[in-house]
Participant: 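Sending over a structure as structure tokens; questions will come in a sec.
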There are 2 protein chains.
Amino acid sequence: METFPKKPAKPRAEKTRVGAVTLRDVARVANVSVATASRALTGTGLASAETQKRLIQVAADLGYRPNTFARGLKTKSSKLIGLAIHNLENASFRVLAEVVQTRMRALGYEVILSITSDDPGQERSTLATLADHSIDGLIVVPTGANGPQLLGLENAGIPVVCVVRRDEGALLESVLAADPEGAYAGTRHLLALGHRRIGLIVGREDTTSGKERLAGYLRALHEAGLPVDRALIHHGRYVPETGVTAANALLALKEPPTALFVANHESSLGVLRVVSERGISVPDDLSLLCYEDTPWFEWQRPALSVVDSGASEMANLVVDRLMQRIGGAANGGREYRVGVRLIERASCRALEGR
Amino acid sequence: METFPKKPAKPRAEKTRVGAVTLRDVARVANVSVATASRALTGTGLASAETQKRLIQVAADLGYRPNTFARGLKTKSSKLIGLAIHNLENASFRVLAEVVQTRMRALGYEVILSITSDDPGQERSTLATLADHSIDGLIVVPTGANGPQLLGLENAGIPVVCVVRRDEGALLESVLAADPEGAYAGTRHLLALGHRRIGLIVGREDTTSGKERLAGYLRALHEAGLPVDRALIHHGRYVPETGVTAANALLALKEPPTALFVANHESSLGVLRVVSERGISVPDDLSLLCYEDTPWFEWQRPALSVVDSGASEMANLVVDRLMQRIGGAANGGREYRVGVRLIERASCRALEGR
DNA sequence: TTTGCGAATGGAAACGTTTCCAAAAAAACC
DNA sequence: GGTTTTTTTGGAAACGTTTCCATTCGCAAA
């Protein structure tokens, strides 16, 4: 005969919440109507203090837990927020995820995690699904290709706050790192130590962070009255390999830099490898300054000095902003920048012969 | 009592989904009843092929998206699964999160991320909240103190699968690393290279992984007919500091080991630091074998050899298992072990004078 | 005593689905 | 052609909340 075409024909696991205590049950036991039970428990203040107390007691006794579906159906609020980020490998994103989830839980929200791989297609589909789940808000590191859809969420009443990257058009609120200042501060630090030839390894020039960090570097050089040597500047993707090629090129220069500013976090690994392979001693032969702190930077020998872009600070701020928005604040399209911090460890030394 | 929202008193952001196309609208436009519209769109096969096609078209035209709340209210299924893990810093957990989220999304589920910090209290409260959200399933790295609650979820019809750690009592399905075999294979590898004094740094003996890895190490030694020197074995918490104290102790031995098996991932950083501080050359003076691969192991100089416990394999398997369970499979309480893999890089060398 | 008024309550109507049940239509059988 | 069976449909009842509206109650004011 034929196959069974239509139904998935699954055994359908028993899904009847055994104890499922409903609001009705609570009301019945407490001898009030469902309406007052609801009022008492949601604490809208429309129930007498006495019945409220009693109902809370009864609810606790019975182990009543409100049904999220039913509640959401009426209130349109899910107590769920979406977090759409590129990956979890990058330390900033990881911290973002941890902080957002922890704080949101404390605020009574759960977090739906969504990894976009920086791929607009994935972002698009995930945004749709998140909307279907009626999230109460969204924190997103935008890929930059789905601006209209993000705006669409806003129009549908779902507050959106961008983080780490800005949305194109900058119509949404966003919380960003102070990259220009970070790169500026880092470069200044190296200059103050007496370095004059400072190699820079940084993200592609068509990314905001790549552009901004370069700008900070240039400004510091400019202020110090130093010429910029384009040979000292290397752009590349956010991967370790970039560090390898860039470091190799820089160290092969006939007049090599005395310090490297690795302003592209992912490249640090590659740079470290090259340095070690070439038998270069840090910081004696070469000073190294990295970007965006990560636990192993501190454990490395020598411990790596770093310009930290304050991932956890960003995370906290973005949570604050989102909560404001959920609370009713209008979208001001404002841009928030969190301060950077220079963490001196042991990978940069003062130049003597200056 | 967290379940009862007190007075929000917020300005209540406009939450009326502007376009909110309901099933009714679709039905009206297509000139059928809501019932058939539902049947056609959910594809239960109870609608004629022709109307089904038509309705799908109409729904698409109107941009209809089913309301999750209403649907969940009836079906009791949320298309949400919970993922409760200790943190995102440990490479295994990170990979777990990435893989689970990616695969689950492809299967039509979203993932609620929940970080427990290995704290039973947090686990307890998060499990309750996840249940409130009617998750369709749960993947959990159990802290080990909330067994009854996990069982409670199962009884409430929510399939639970443990990963990385077993639940106490082992009543739930779990997907684990083949730790005994991993430690055994690693030790064998070092033995084969001619090492006879092999230091072991491993998790506390009251954790399953600590116990099992120690067992693997002992078995390999035993098979090789070697005596075990308790001075070569160090237990400790899963933190870098453990590596520091253990490595220092081991290297200070009057007859120090020629190889270190760092079977406690987090300790690797500490060991590396000590080794570097003492000016010990790896692998010339000391062979190093780590546990659980992580990207920077490969980029380190020398690249670190490692026993990988197959985090992504575990993640994939645990997803498979959960889907089976959601599909109706009964909880067999089975224990699945995924194979380990020895990745030889450059941190172990053969001993000559053997 | 009546009137008025706020506070507390209950009844019932939503919210947008899925699904039971019966009816209608179509197809199959004899 | 009539009768049964099968397929396709529509009406309406859920699902568990919140909330509008009307009612009741107690109590102060007239």
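Letters A, B, ... mirror the listed sequences (proteins, then strands); counts begin at 1.
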Participant: Output the single nucleotide from dT9(C), dT18(C), dT9(D) whose closest atom is nearest the side chain of Thr42(B).
Facilitator: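 The closest nucleotide is dT18(C).
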Participant: Identify, between Arg54(B) and Ala70(B), the residue whose nearest nucleotide on DNA chain D lies closer to the 5' end.
Facilitator: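 It is Arg54(B) whose nearest nucleotide is closer to the 5' end.
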Participant: For the side-chain contact (heavy atoms from CB on, under 4.5 Å) test, which of Leu172(B), Asn331(B), Asn146(B) pairs with Leu151(B)?
Facilitator: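 Looking at Leu172(B), Asn331(B), Asn146(B), the match for Leu151(B) under the side-chain contact (heavy atoms from CB on, under 4.5 Å) is Leu172(B).
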Participant: Between dT18(C) atom C1' and Arg39(B) atom CZ, what is the distance in whole Å?
Facilitator: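 My rounded result for the distance is 10 Å.
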Participant: Can you tell me if Thr22(A) touches the phosphate of dG16(D), counting only side-chain N or O atoms and a distance under 4.0 Å to OP1 or OP2?
Facilitator: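 No, Thr22(A) has no side-chain N/O under 4.0 Å of OP1/OP2 on dG16(D).
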Participant: Look at the side chain of Leu73(B) and decide which nucleotide, out of dT19(D), dT18(C), dG16(D), has an atom nearest to it.
Facilitator: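 Selected nucleotide: dG16(D).
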Participant: Which nucleotide in the set dT18(D), dT19(C), dT18(C) lies at the smallest distance from any side-chain heavy atom of Arg71(B)?
Facilitator: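 So the side chain of Arg71(B) is nearest to dT18(C).
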Participant: Among dT18(D), dG10(C), dA13(D), which nucleotide sits nearest the side chain of Lys74(B)?
Facilitator: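 Comparing dT18(D), dG10(C), dA13(D) against the side chain of Lys74(B), the answer is dA13(D).
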Participant: Short question: side chain of Asp136(A), backbone of Ser78(A) - any donor-acceptor pair under 3.5 Å?
Facilitator: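 Yes, Asp136(A) side chain to Ser78(A) backbone: donor-acceptor pair under 3.5 Å.
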Participant: Strictly below 4.0 Å, N to O, side chains only: are Asp132(B) and Arg71(A) in salt-bridge contact?
Facilitator: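 No, Asp132(B) and Arg71(A) are not salt-bridged.
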Participant: Looking only at side-chain atoms of Thr36(B), point me to the closest of dG16(C), dG10(D), dT18(C).
Facilitator: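 So the nucleotide nearest the side chain must be dG10(D).
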Participant: The side chain of Leu23(B) is closest to which nucleotide in this list: dT19(C), dT18(C), dT19(D)?
Facilitator: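 Between dT19(C), dT18(C), dT19(D), the one nearest the side chain of Leu23(B) would be dT18(C).
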Participant: Rounded off to whole Å, could you give me the CG-to-P distance for the Leu55(B) and dT17(C) pair?
Facilitator: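 Atom-to-atom, Leu55(B) to dT17(C), this comes out as 13 Å.
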Participant: Rounded to whole angstroms, how far apart are CG on Asp25(B) and C1' on dG16(C)?
Facilitator: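 Rounding to the nearest Å, CG of Asp25(B) and C1' of dG16(C) are 10 Å apart.
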Participant: Separation of Glu50(B) atom CD from dT7(D) atom P, in whole Å?
Facilitator: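 About 17 Å, once rounded to whole Å.
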Participant: Side chain of Thr51(B): nearest nucleotide among dG16(C), dA12(D), dT9(D)?
Facilitator: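 So the side chain of Thr51(B) is nearest to dT9(D).
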Participant: Can you tell me how far P of dA14(C) sits from CZ of Arg24(B), to the nearest Å?
Facilitator: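 Atom CZ in Arg24(B) sits about 10 Å away from atom P in dA14(C).
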Participant: List, one per line, each side-chain donor-acceptor pair under 3.5 Å for residues 95-102 of chain B, sequence neighbours excluded.
Facilitator:
residue	atom	partner	partner atom	Å
Glu98(B)	OE2	Leu88(A)	N	3.0
Thr102(B)	OG1	Glu98(B)	O	2.6

Participant: Tell me which nucleotide among dG10(C), dT18(D), dA12(D) gets nearest to the side chain of Ser33(A).
Facilitator: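 Closest of the options to the side chain of Ser33(A): dG10(C).
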Participant: How many whole angstroms separate atom CG of Asn31(B) from atom P of dG10(D)?
Facilitator: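 Rounded to whole Å, this separation is 8 Å.
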Participant: Tell me: CZ of Phe69(A) to C1' of dT18(D), nearest whole Å?
Facilitator: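 So the CZ-C1' distance, Phe69(A) to dT18(D), works out to 17 Å.
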Participant: Rounded to whole Å, please give me the gap between CG in Asn67(B) and C1' in dG16(C).
Facilitator: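 My rounded result for the distance is 6 Å.
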Participant: Determine yes or no for a side-chain-to-main-chain donor-acceptor pair under 3.5 angstrom, with Glu335(A) supplying the side chain and Leu176(A) the backbone.
Facilitator: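 It does not hold such a pair.
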Participant: Quick check: on DNA chain D, is the nucleotide nearest Val34(A) upstream (toward 5') of the one nearest Ala49(B), or the reverse? Name the residue that is more 5'.
Facilitator: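 It is Ala49(B) whose nearest nucleotide is closer to the 5' end.
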